[in-house]
Engineer: 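Before I ask anything, let me first share the structure, which is written out below as structure tokens.
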Number of protein chains: 2
Amino acid sequence: MRIADAETALGPDRLRGELARSAFQFRLFAEAVEEGSWLGASIDHARADAVPAPRPDLRRMLVPVGVVAVFGASNFPFAFGVPGGDVAAALAAGCPVVVKAHPAHPELSERCARIVRTAATSFGLPADVLRILHGRDAGTALVVHPLVRAVGFTGSAAGGRALHDLAKSRPQPVPFYGELGSLNPVVVTPAAARERGEDIARGLTASANLGVGQFCVKPGLVLVPAGSAIAARMAELVRAVPSGTMLTDGIRTAFDDGVAARAALPGVTVAATGEPAGDRTAAASLLTAPASLLHDSAAAELLLDECFGPTTVLVPYADEAELFGVLDVLPGSLTGTVHTGDDDPVGVEAGRRLAERAGRIVWNGYPTGVAVSWAQQHGGPYPSSTEPATTSVGVTAMARFLRPIVHQDSPPGLLPAPLREDNPWGVPRRVDGVLRLG
Amino acid sequence: MRIADAETALGPDRLRGELARSAFQFRLFAEAVEEGSWLGASIDHARADAVPAPRPDLRRMLVPVGVVAVFGASNFPFAFGVPGGDVAAALAAGCPVVVKAHPAHPELSERCARIVRTAATSFGLPADVLRILHGRDAGTALVVHPLVRAVGFTGSAAGGRALHDLAKSRPQPVPFYGELGSLNPVVVTPAAARERGEDIARGLTASANLGVGQFCVKPGLVLVPAGSAIAARMAELVRAVPSGTMLTDGIRTAFDDGVAARAALPGVTVAATGEPAGDRTAAASLLTAPASLLHDSAAAELLLDECFGPTTVLVPYADEAELFGVLDVLPGSLTGTVHTGDDDPVGVEAGRRLAERAGRIVWNGYPTGVAVSWAQQHGGPYPSSTEPATTSVGVTAMARFLRPIVHQDSPPGLLPAPLREDNPWGVPRRVDGVLRLG
């Protein structure tokens, strides 16, 4: 914990919570492994009278893809680091993992790797189910290594896209599960603004500045009705936000530059800044941009791109046409949030449009806080994920690291346990098209 | 049927069977759509006391990805063409489809498209759930079109790889589900050769020459015990194979060139040729190559690459070490086949090694004949599939064209039917981690 705090400045409370989350994640995957649905076991018995042609005995299940490479994130040294979600999902799927440690916390990564390796041996697994590498060159070599069969990545759009392109240009391309940034738009309908304006202003300001704004689900763009009190109230609240130490000096510099570039766009105003930045800390800010600016391609490129850190762009909209016009140009995001009234047609339509562009739709809440559970989805259209059909949080993340094999007319004695006629492990299976619980 | 035969020369019997298969495929997907598992519905109720943190209500299901582009194959004008597997799977998933017609059968493609469009309108869908394009430029434009969200492709390695690279270099990369060729290795163990040599020789020769060898699962490489009678018997049988008309003149020329290039490799011998080729037909052939040649990278590049048409490379192996050595250098394939004796350790080990390189393991049978069913898997490691975690035949093919969305704390009235508390459609769901049948 001392090392973690020294390397990340995230503070012991947050780090303790994150560690608990990481440990829980391993336990939840262990439960899922025992439950057995992840195997996707499916048996079609031979049928001489099948339509349109006789069919052989076919028994299908998922198997591990092989060695998985994982690039840990800067902002979650535990939950998206060496003992993080991608690693836990890959190990749960039966794949050995090689982690490229994030340069922001090399010592913590080493310590975590040692703990995971020791844990592996204590359960009779080889320690080398997890290995760790450092440095950019090692990372590049890892992505093109012939034994690597899949890559998990959480980080910047530029770095992630370069590794994605490398993974796809290999002689044998491999899946690249990259989380490259997310705007996480929020819509506040006129009805919601009237009914819960103060709550929403407080909630959004807290969500945007949690952990010095260094969450992948930080709300980056907030659409509010023009003339509502929310804008002024959020500005007031942001002025009281203390400056904070960011993960690295490089991240803070990129953040300061990102805010300055956005503020310099014609039409963008700085509605508020928080406590002034110190030598090593970053100041929170709230920017305001006219909706029309999001239809200007040069400005939109900046405004619709994630700015990692404690800043949010507020966009007042005059009417539904202006609101929906903006929703239709938004990039893919991990989340889309709607604050809506009861039976509010604006909220319904906003939710529908956000669902085309996000993996998680949050109703009357805030995107920060990503529960680890069976139903969770963390990954939306590009750039929030390079593979939006998969998730990096939640039990179904295991699917990233599995592939199906079907055994045709196998001698019964050679079948893996989940496919034997008597189902010795009692796993859920589909038999001749009918799902059975086990 | 007249147009189909004129454009493909596949003959009315084969074409009638293929059409029945295509129609069956649509009906099977319709059953699967009604069964509802494909929705992946999963509900985690809110829990204030959840570990490690309180969790909101999360309800997850799969939704269509959007417009799907499909490049039909030359060799199955129905089953992998306009009314083919990728199209049926995409429509079943709820996605509109744009088909790039194969240049080998443009008129048939148009006719089929008209039938599918008419069928769509007769069920109240817009005719434009399926559209069709012709020509290479249209195909390229399709892959980079911003509205296209996934691409299905069955065809050559060169063409497929170029389109794959295009799909992955888009500003917003999209999944490319490509079947680019498959060697489909076959292992005959010494015990199987002794016990069933004659049957195996007949079965393999028939499988390799079915439809003038124009099946994606044609056995392209057969490993037999050195000195077994199988080699001589297969040569005898191949000599009696009639020459056949291939799909196009271009395909026949590529086949003739491919056989000649392989035969010219030092060490490769032509064990047999079938009825001599006519002006427009291709002759069957059986080549023999020493196992050692597969460890020579230049020769292996040719011998381990699919040669589309009626030819097979026979590789005699002296012992297990030589057999397993070859298995370890094989590329990814759709199928791997083992002919084995009872309790035959060579067969067990061959099956294990083939399972690392194939999506379907065929025991004591032949790879041709791909049943359309729930448990089928058609897709193995590259180049047989660019996405080996998915299939292009069988019910689970729908997964290619779906992505998950989770609704967090949604107003109950806004939830899609499969996620409502009372489960009005009665679909299988996971509720708080527990699978329920509906």
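All values below were derived from every heavy atom in this structure, side-chain atoms included, with hydrogens, water molecules and symmetry-related copies excluded. Protein chains get the first letters and strands the later ones, always in sequence-line order, with residue 1 at the start of each.
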Engineer: Specify which of B:Ala150, B:Ala50, B:Ala355 makes the most heavy-atom pairs with chain A at under 4.5 Å.
Structural biologist: B:Ala355
Engineer: Using the side-chain contact (heavy atoms from CB on, under 4.5 Å) rule, take A:Val434 and B:Glu35 through it: C-alpha gap first, then chi angles, then the decisive distance, then the call.
Structural biologist: CA-CA 9 Å; A:Val434 179; B:Glu35 193 266 348; over 6 Å; no
Engineer: Taking atom CG of A:Asn364 and atom CD of B:Gln408, what is their separation to the nearest 0.5 Å?
Structural biologist: 10.5 Å
Engineer: Would you indicate whether the side-chain heavy atoms of B:Val406 and A:Ile361 approach each other to under 4.5 Å?
Structural biologist: no
Engineer: Hey, does A:Leu58 have a side-chain heavy atom less than 4.5 Å from the side chain of B:Gln377?
Structural biologist: no
Engineer: Chain B: which of A:Arg436, A:His378, A:Arg59, A:Arg170 shares the most heavy-atom pairs with it under 4.5 Å?
Structural biologist: A:Arg170
Engineer: Do the charged groups of B:Arg149 and A:Glu356 touch, with an N to O distance under 4.0 Å?
Structural biologist: no
Engineer: I want to check something: taking the side chain as every heavy atom from C-beta on, are B:Gln172 and A:Pro383 in contact at a cut-off of under 4.5 Å?
Structural biologist: no
Engineer: For A:Asp328, is the CG atom crowded, meaning more than 12 foreign heavy atoms sit under 6.0 Å from it?
Structural biologist: yes
Engineer: What part of B:Arg47 gets within 4.5 angstrom of chain A, counting heavy atoms only: side chain, backbone, both, or neither?
Structural biologist: neither
Engineer: Quick one: what part of B:Thr337 sits under 4.5 Å from any heavy atom of chain A, side chain, backbone, both or neither?
Structural biologist: neither
Engineer: Heavy-atom distances under 4.5 Å only: say whether B:His164 touches chain A with side chain, backbone, both or neither.
Structural biologist: side chain
Engineer: Please look at B:Ala358 and chain A and tell me whether the side chain, the backbone, both or neither of the residue comes under 4.5 angstrom of a heavy atom of that chain.
Structural biologist: backbone
Engineer: For B:Pro171, is it the side chain, the backbone, both or neither that has a heavy atom under 4.5 Å from a heavy atom of chain A?
Structural biologist: backbone
Engineer: Could you look at B:Gln25 and say if it's the side chain, the backbone, both or neither that has a heavy atom under 4.5 Å from chain A?
Structural biologist: neither
Engineer: Among the options B:Thr396, B:Val65, B:Leu402, pick out the one with the most heavy-atom pairs lying under 4.5 Å from chain A.
Structural biologist: B:Thr396
Engineer: Report the C-alpha separation of B:Arg430 and A:Ser37 in whole Å, then their side-chain angles, then the decisive distance to 0.1 Å, and conclude whether the side chain to side chain donor-acceptor pair (under 3.5 Å) test is met.
Structural biologist: CA-CA 10 Å; B:Arg430 186 172 297 280; A:Ser37 289; 2.7 Å; yes
Engineer: Who wins among B:Pro381, B:Gly379, B:Gly413, B:Pro331 for the most heavy-atom pairs under 4.5 Å with chain A?
Structural biologist: B:Pro381
Engineer: Please look at B:Arg360 and chain A and tell me whether the side chain, the backbone, both or neither of the residue comes under 4.5 angstrom of a heavy atom of that chain.
Structural biologist: both
Engineer: Within the structure provided, determine whether A:Trp363 and B:Leu414 are in side-chain contact (heavy-atom separation under 4.5 Å).
Structural biologist: yes
Engineer: Out of B:Val395, B:Val362, B:Thr386, return the one with the most heavy atom pairs under 4.5 angstrom to chain A.
Structural biologist: B:Val362
Engineer: So what's closer than 4.5 Å to chain A heavy atoms on B:Ala53: side chain, backbone, both or neither?
Structural biologist: neither
Engineer: Among B:Arg55, B:Arg400, B:Gln376, single out the residue with the greatest number of heavy-atom pairs under 4.5 Å to chain A.
Structural biologist: B:Gln376
Engineer: Do B:Pro173 and A:Arg161 come within less than 4.5 Å of each other through their side chains, counting heavy atoms only?
Structural biologist: yes
Engineer: Between B:Ala371, B:Gly433, B:Ala20, which residue shows the highest count of heavy-atom pairs closer than 4.5 Å to chain A?
Structural biologist: B:Gly433
Engineer: Could B:Arg403 and A:Glu387 be called an ion pair, given the rule that one side-chain N must be under 4.0 Å from one carboxylate O?
Structural biologist: no
Engineer: Got a donor-acceptor contact below 3.5 angstrom from the B:Asp44 side chain to the A:Ser373 backbone?
Structural biologist: no
Engineer: Where does B:Asp409 contact chain A at under 4.5 Å (heavy atoms): side chain, backbone, both or neither?
Structural biologist: both
Engineer: Does any heavy atom of chain A fall under 4.5 Å from the side chain of B:Arg27, the backbone, both, or neither of them?
Structural biologist: neither
Engineer: With a 4.5 angstrom heavy-atom cut-off, which part of B:Pro404 approaches chain A: side chain, backbone, both or neither?
Structural biologist: both
Engineer: May I ask you to name which of A:Ser169, A:Ser42, A:Ala375, A:Pro54 has the most heavy-atom pairs under 4.5 Å with chain B?
Structural biologist: A:Ala375
Engineer: Are the side chains of A:Arg60 and B:Thr391 in touch, meaning some heavy atoms are under 4.5 Å apart?
Structural biologist: yes
